[in-house]
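Following: one structure in C-alpha cells, then a few remarks.
Chain identifiers are assigned alphabetically (A, B, ...) following the order of the sequence lines, protein sequences preceding nucleic acid strands; residue numbering begins at 1 within each chain. Source: prediction; values computed, not measured.
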Protein chains: 2
Amino acid sequence: MQAIKELDYRPNAMAKGLASSKTTMVGMIVPDLTNLYYAELAQGIDAVAKIYNYSVSLAVSDGNAKAEREAFDTLRSKQVDGVIYMGSNPSDEIMQLMVSSSVPVVFAGSVDPEGKFPSVNIDYIQAFSEAAGKLKENFEDSKIALVEDPDNSKLSQLRRQGFFKALPNGKTYQAEDEYQMGYNLGRRLLSDGIKAVIVAEDATAVGILNYVRDNHVEVPEDFQIISTSDTKLVKMTRPSISSVTQPKFDIGAVAMRLLTKLMSNQEVSDPAVILPHEFVLRETTK
Amino acid sequence: MQAIKELDYRPNAMAKGLASSKTTMVGMIVPDLTNLYYAELAQGIDAVAKIYNYSVSLAVSDGNAKAEREAFDTLRSKQVDGVIYMGSNPSDEIMQLMVSSSVPVVFAGSVDPEGKFPSVNIDYIQAFSEAAGKLKENFEDSKIALVEDPDNSKLSQLRRQGFFKALPNGKTYQAEDEYQMGYNLGRRLLSDGIKAVIVAEDATAVGILNYVRDNHVEVPEDFQIISTSDTKLVKMTRPSISSVTQPKFDIGAVAMRLLTKLMSNQEVSDPAVILPHEFVLRETTK
DNA sequence: TTGTATGCGTTATCAA
DNA sequence: TTGATAACGCATACAA
C-alpha cells in the first residue's frame, strides 16, 4: 500500500484481461449519436456501466449492414465482455454474427426480430394503438397516417400492428429519420388530405410540423401530430409536439444492468423486459 | 490463411496490446452525449478513428470535476493510446492529471486554458465579434446581451472578449446549457429591455426564443437572436435561429487525426488548429 | 527467409 | 496463509 502510493502504481488492464480473459469492457453499437433517442439511451448505458466498473467501447454503425458488421467485429477483437445493440433494423448478417459469437448481447430500445436476445423496450403495439386512439376521436381513419421508417423491420411491423389495431383503415407513409425527409413528406401529406399523423421518429415529426406550419395550416386545428420518442426536440418546437413518452435513460440503464447479469452468468428471469410508456398531451393535439 | 478461415481465428487484442504496449484504443471524454454539439464532434472523432483502426472508449464526464477525473483514470487504466478531451471548463484537477500522465491528449472543440495541449477550435473571439457586429447595426449596445455559461472558463473569456470588442457597452447574462434555463432567462431579458442576444449554447437559445415568442414578442422585429453552435436544433425552431456555424464534424475529425499523429510520434506543425467558421442568416435576425 | 525463445503484467494453480 | 510458477496470446529479438 505504501509502495502503491509512492510508485503511483496502476494495474495494467491488458495484462489483467489477458490473464483473466475478462476485459471489463462492453461494446455499444449505436446507429447515430446525433439522434437524441439513442444519445439518451447511451447516457443510461454509460451510467450503469460506471456503477459496475465497466468501460464502454463505442461503435457507430450508421445503421448500415457493413458498418454494423465491422463494428461488431472490432468489438469482438477487443474482447469485450458483452455488447449492447441499438438499431431499428439489425441486418441478417449481424444477427448471425451475434448468435454465433458467444458474447452476451442485449438489445436496448431495439427489437430483436427473432427474439433470441434479451432486450429492453416499451410495448410498441400498445403505445401505437393508444396514440392512434387519441386521433380516432377527431378524424375518420382514412385521414390519419402512420409515418414510419422505410425499412420493414420487426419494429416497424409492431408499430404498424398497433396503429392498425386502432385504425384499421389508416394510411401509412415512409420517411427516413431525418428532419428534411419529414419536411419533404409534409407536402404529400397535405395534398393527400391527411389530417393527423403518428410519427415514428422525432426529427421527422418536427420536419412535418414545420412544413405544415410554413404552409399556413393551423396545428392542431387543421392538422395533428403525435410523436413517439419524446426526445428533447418535441418540447422545443412551437407548437410543442404531443408524444408517446419512453423512459429512454432507464431503457439504457436496465439493458446495461441486464448485461452485467449475463456477463456474470446470473440467471435472468425475464429476458424481454417491457418498460412502461406514457402519453404527454402537448400542443399538436387536442 | 486456410487455417485462419477454418478456425475463424481472430487476433486477441489484449495479448497484442500487452506485447506491443499499444491498445489501438483512444479515450473520448465528453460532458454530455445529448448535447448535439458534442454528439456531432463525437461522430467526427469516431469516423477518423475508424479509418486509423482505433477503437474509441467512451467516458461521459457530466462536466463535473470528479466524474472527469474518474473518467480519465479509468481511461488510463485501460491503457488507451491517447485521449480526446471535450468540455467547456476543464477542472484544474484533470489538467494536472493530463499533463503528468504522458498520454497524448488533444482538445476538440474545447479550449485548453493553459495552451499546453494540441487543440482544434474555431476563432471564438473573431466569431463572437462578428456576430455582435451584426446586431450592432440595429440596436444600441446596451440593448444587446451575451448569454454565456456561468463557468468562468477560458472559453467564456474568449467569447466575451469577442463580444465586447464589437460592443463595448454590451451586457452579459449567465445561463446553464439547458433549454429550461434559457426559457427562464427569457423573462429577465425582456424585463431588462434587452432587444437582441448572442447565445453560447443552442439549447439555451431555443429556450430564450420560445419564452420570448410565448410572450408575444415578435422575432426578429422586436427581438433578435444569434446562436453559436449551429446544431440541428436551430434549424428546427420557428423562426429558425441565425447562427455562427462551426464545422463540428471536422473539428472532431481533425482532432482525432492530430491525435493519431501524436500517438505515432510524428511532428505536429501547428498544435492549435483553427478551423473556419461562418455565419448563417436565418429568421431570428434581419 | 523461417523458426524458436523470451518478455509483456497479470491471474491462477499448486506446493510448501 | 504465503510463495513461487505456469499460463494468457501475441511481439520481438535472435538464431538457424
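Using cut-offs of 30° and 60° for the angle between ring planes, the A/F107 and A/Y85 rings count as tilted.
If you take NZ of B/K22 and P of C/dG9, they are 16 Å apart, rounded to a whole angstrom. Taking atom CE on B/M14 and atom P on C/dT10, their separation rounds to 12 Å, with Å as the unit. Distance, B/N12 CG to C/dT11 P: 16 Å, rounded to whole Å. Counting to the nearest Å, the P atom of D/dC8 and the NZ atom of A/K16 are 20 Å from each other. Rounded to an integer number of Å, the gap from A/Q79 CD to C/dT10 C1' is 16 Å. One atom, CZ of A/R10, and another, P of C/dT10, lie 12 Å apart when rounded to the nearest Å.
B/S156 and B/S153 share a side-chain donor-acceptor pair at under 3.5 Å. For the residue pair A/K78 / B/T24, a side-chain donor-acceptor distance below 3.5 Å is found, with atom types taken as modelled.
Counting only heavy atoms from C-beta on, A/L18 has its side chain closest to D/dG9 among D/dG9, D/dC10, C/dT10.
Checking each of B/L41, B/I84, B/V254, B/D250 against B/V120 for a side-chain contact (heavy atoms from CB on, under 4.5 Å) leaves exactly one that passes, namely B/V254.
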